[in-house]
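Take a look at the structure set out below.
Position 1 is the first residue of the sequence; numbering continues from there.
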Amino acid sequence: METPQRQEKFSFFRQSTILCLLVAFIGIKGLQHFLREDILRHLMVAILLMATPVVFGGASIFESFRGALKARLRWEDILVLAFLLLPVVCNILFLPASWHETRLNWQNWVWSELGLLSLLAAPIAEEYFFRSWLLQRQLKAELEQTTQSLWGMVRICYLNALLFWIMHMPIDLNQWMQALRIGAVPASPGPFLLGLVTCGLTIRTGNIRAAIFFHGIANASGPLWWPLLGSDFVRSFFYN
C-alpha cells in the first residue's frame with residue numbers, strides 16, 4: 001500500500017509536469033502560428049523549452065547538463081555517427097551520378113541559419129526538456145510506485161516519445177489537407193521514432209550527450225537521406 005507521502009509526491013509530479021507540458025504546447029503552437037519567420041520561431045521555441053521547466057518546475061539547466069559534460073566518451077557516441085555515415089556510403093554506392101548535387105544540398109542546409117538552429121539549438125533545447133527534465137521526472141515517478149523494470153522503461157520511453165510527437169504535430173487543418181492532397185503524411189511519425197531512440201540513449205548512458213548528438217545528426221542529415229527514400233510519401237514519413 002502506498003503511503004500518503006508517496007501519493008502526495010506522485011500527485012505533485014503529475015500536476016507540475018502537466019502544467020509544464022501545457023505551457024510548452026500552447027507556447028509552441030502559438031509561436032508557430034503568430035511568428036511567420038522560421039529562424040525567429042525556432043529560436044523562440046528553443047528558449048521556451050529551456051525556460052519552462054525552470055519557471056514552473058523548479059529545474060536547473062546547469063544540473064541537467066553537468067553530468068553530460070563530465071561523462072566519458074562511450075560507444076553510443078560513436079555508434080550514432082552511423083546515422084550520418086550510412087546515407088553518405090549509400091549515396092556514393094547507389095546514386096553516384098547525383099552524389100555531387102546531394103552533397104552540395106547538404107552543405108548548404110547545414111551552413112544555413114535554419115540548418116544551424118536545427119543542428120544546435122533544437123537538439124539542446126528539446127533534449128533538455130524531454131529527455132532530461134521530463135524523463136527524469138518519469139523515472140522518479142516509476143521508482144516511487146515500483147522498482148524499475150524492462151516493461152517500465154518501455155512504457156516510459158513510449159510516453160515520452162508520444163508527447164514529443166504531439167508537440168511536433170501541426171494543429172492547422174489546412175496543413176493536414178495540403179499534406180493529404182499531395183499524398184504525404186500530415187503528422188510525420190519521424191519525431192516519435194526520434195524520441196524512442198533518444199530516450200533509449202539517455203537511459204543507457206545516464207546523460208543526454210548521446211541523445212543531443214544523435215538528434216543533431218538526424219536533423220542535419222535530412223538532405224542526405226532524401227534521395228534514398230524515393231517517393232514523397234516515404235520521405236514525409238520521416239521528414240515533414
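- Transitive grouping of hydrophobic side chains (ILVMFWY, heavy atoms separated by less than 4.5 Å) brings Phe83 and Leu229 into a common cluster.
- At a threshold of 4.5 Å between side-chain heavy atoms, the hydrophobic network of Ile, Leu, Val, Met, Phe, Trp and Tyr places Leu228 and Phe233 in one connected group.
- The minimum heavy-atom distance between Pro123 and Ile212, with the atom names listed, is CB-O, 3.7 Å.
- In Glu101, the CD atom is not crowded: 12 or fewer heavy atoms of neighbouring residues, nucleotides or ligands sit closer than 6.0 Å.
- In this structure, CD on Glu63 lies 11.5 Å from CD on Gln136, to the nearest 0.5 angstrom.
- The main-chain N or O of Pro96 is never found under 3.5 Å from a side-chain atom of Asn91 such that the two would form a donor-acceptor pair.
- Using a 4.5 Å heavy-atom threshold, the side chains of Ile171 and Phe25 count as touching.
- Between Phe164 and Leu134, the closest side-chain pair of non-hydrogen atoms is not below 4.5 Å.
- Here the side chain of Lys29 pairs a donor or acceptor atom with the backbone of Met167 at under 3.5 angstrom.
- Considering every non-hydrogen atom in both Trp165 and Pro189, the closest pair reads NE1-CA, 3.9 Å.
- Closest heavy-atom contact between Ala211 and Thr202: CB-OG1, 3.5 Å.
- Cation-pi contact between Arg209 and Phe214: absent, since separation from the ring centre below 6.0 Å together with deviation from the ring axis within 45° is not met.
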One pair to check against side chain to side chain donor-acceptor pair (under 3.5 Å): Arg137 and Ser16. What are the steps and the verdict? CA-CA 10 Å; Arg137 295 177 77 83; Ser16 60; 2.3 Å; yes
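- Side-chain contact between Phe130 and Asn160: present, with at least one pair of heavy atoms (C-beta onward) separated by less than 4.5 Å.
- In the hydrophobic cluster analysis, where Ile, Leu, Val, Met, Phe, Trp and Tyr join through side-chain heavy atoms closer than 4.5 angstrom, Met50 is grouped apart from Ile26.
- Put simply, the side chain of Lys140 never gets that close to the backbone of Leu135: no donor and acceptor are under 3.5 Å apart.
- With hydrogens and angles ignored, the 3.5 Å screen pairs a side-chain donor or acceptor of Asp77 with a backbone N or O of Arg74.
- No donor-acceptor pair closer than 3.5 Å links the side chain of Ser221 to the backbone N or O of Leu224.
- Between Leu95 and Thr102, every side-chain heavy-atom pair lies at or beyond the 4.5 Å cut-off.
- By the 4.5 Å heavy-atom criterion applied to side chains, Met153 and Leu139 are counted as neighbours.
- One distance of note links CZ of Arg131 with CG of Leu201; it measures 10.0 Å at 0.5 Å rounding.
- Arg41 places no side-chain N or O within donor-acceptor distance of the main-chain N or O of Leu31, the cut-off being under 3.5 Å.
- A donor-acceptor contact shorter than 3.5 Å is absent between the side chain of Thr52 and the backbone of Leu49.
- Side chain of Ser64 to main chain of Ser132: no donor-acceptor pair is present (N/O by atom type, distance under 3.5 Å, no hydrogens or angles).
- Side chain of Arg235 to main chain of Gly230: a donor-acceptor pair is present (N/O by atom type, distance under 3.5 Å, no hydrogens or angles).
- Distance check: Ser236 OG to Asp232 CG gives 7.5 Å after rounding to the nearest 0.5 Å.
- Residue Cys20 comes nearest to Phe56 through the heavy atom pair SG-CB, 3.5 Å, listed as atom of the first residue, atom of the second, then distance.
- Note that CD1 of Ile156 and CH2 of Trp151 are 11.5 Å apart. Values are rounded to the nearest 0.5 Å.
- In this structure, Asn207 CG and Arg66 CZ are separated by 13.0 Å, a value rounded to the nearest 0.5 Å.
- With a 4.5 Å cut-off on side-chain heavy atoms, Cys157 and Ile203 count as touching.
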Mind running side chain to side chain contact (heavy atoms under 4.5 Å, CB included) on Val89 and Phe94 for me, showing each step along the way? CA-CA 8 Å; Val89 172; Phe94 302 112; over 6 Å; no
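- Of all the heavy atoms in Ala187 and Trp176, the pair that sits closest is CB-CH2, 3.9 Å.
- In this structure, Val88 and Trp99 have side chains that are in contact, with non-hydrogen atoms separated by less than 4.5 Å.
- Proximity of Leu35 to Val45: side-chain heavy atoms (C-beta onward) are nowhere separated by under 4.5 Å.
- A donor-acceptor contact shorter than 3.5 Å is absent between the side chain of Asn105 and the backbone of Pro223.
- Ring centroid separation for the pair Tyr158 and Phe192 comes in under the 6.0 Å cut-off.
- Shown here for Glu76 and Arg204, the closest heavy-atom pair between the two residues is OE2-CG, 3.1 Å.
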